[in-house]
Amino acid sequence: MKKREFLKLSGLAAAGAVVAPTLTFCGGPQKDESGEEKPAYHPGFELPALPYAMDALEPYIDAETMELHHGKHHAGYTRKFNEALKDFPELADASMVKIMAHIRDEDKYTALRNNGGGYYNHDLFWKIMSPNGGGAPTGASAAAIEASYGSFDSFKTKFAKEAASVFGSGWAWACISEGELFITSTPNQDNPLMSLVAERRGIPVLGIDVWEHAYYLKYQNKRGDYIDNFFNVINWEQVSAHIESATAPDAEEPEAPGMVTMP
Ligand code: MN3
């Protein structure tokens with residue numbers, strides 16, 4: 001099983017939200033090349049619980065937005081992601097990195113792309129925010145930002161600009177690739193783990209959702225104010241943990257186009 005990497009990557013192990021054991025398989029177990037039994041398709045993922053109360057990020061992110069965003073939007077992505085996985089028996093025991101790498105810019109991958117991305121992106125998003133967040137980055141975050149951007153101010157300006165520049169719905173990211181931090185963005189629910197879709201591949205360590213559903217109730221059309229206030233809730237300790245696992249020697253990096261191999 002390659003779940004270990006995903007657990008490490010997303011910090012799910014700490015939250016105790018592992019693969020849902022109650023989902024049933026259709027078609028019975030299959031045998032892989034080595035003769036070992038494996039399930040007919042991926043057992044799926046659970047909606048992770050929020051690591052804080054719905055109103056914990058007030059006044060920067062309001063409780064009503066959180067309730068809809070987690071309870072409706074993320075729950076919907078989770079359900080549809082698990083449905084979509086049933087069409088990909090080759091992903092039966094794939095890690096999240098492998099699942100994302102499997103996605104192509106073709107119609108048959110659309111549900112997996114939109115809902116798998118939606119599942120992964122929001123899981124990361126909840127974790128990198130905290131009511132005790134904000135302020136200047138510390139630890140591995142401070143070091144990586146200094147190394148790649150010279151100063152936190154410079155990083156913050158570039159990240160905010162990237163987030164403000166996303167046309168329509170999407171995400172801005174800080175990612176690690178080959179040990180280096182970089183800023184990028186993706187449309188819709190794409191993310192930089194999607195080997196054959198993302199402009200620049202990397203392991204996301206920080207991300208901001210700039211879909212209108214993430215801020216419109218409170219900020220209406222003032223996306224810039226939402227982005228500025230997001231910096232008041234960034235959980236730099238968690239970002240540092242992501243950077244540490246993404247720069248570890250055994251980190252599972254997304255593969256280059258044309259080199260995607262399945263487990
Ligand atoms: Mn969202």
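This chain uses plain numbering: 1 for the first residue, then up along the sequence. Only this structure's heavy atoms are used, side chains among them; waters, hydrogens and symmetry mates stay out. Atoms within a ligand are numbered from 1 in the order they appear, just like the ligands themselves.
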(message) Checking side-chain polar atoms at under 3.5 Å, does Glu252 have a donor or acceptor matched by the opposite partner on Ser95?
(response) yes
(message) Are Tyr119 and Phe45 an aromatic pair, judged by ring center distance below 6.0 Å?
(response) yes
(message) When you measure from the Mn ion (ligand 1) to the N, O or S atoms of His69, does any of those distances fall below 2.8 Å?
(response) yes
(request) Using 2.8 Å as a strict upper limit, say whether an N, O or S atom of His122 approaches the Mn ion (ligand 1) that closely. (result) yes
(message) Please report whether the ring centroid of His242 lies less than 6.0 Å from that of Trp236.
(response) no
(message) Using the rule side-chain hydrogen bond (donor to acceptor under 3.5 Å, both in side chains), only one of Lys72, His122, Gln189 pairs with Tyr77; which is it?
(response) Gln189
(message) What do you get for the angle at the Mn ion (ligand 1) between OD2 on Asp209 and NE2 on His213, to the nearest 10 degrees?
(response) 120°
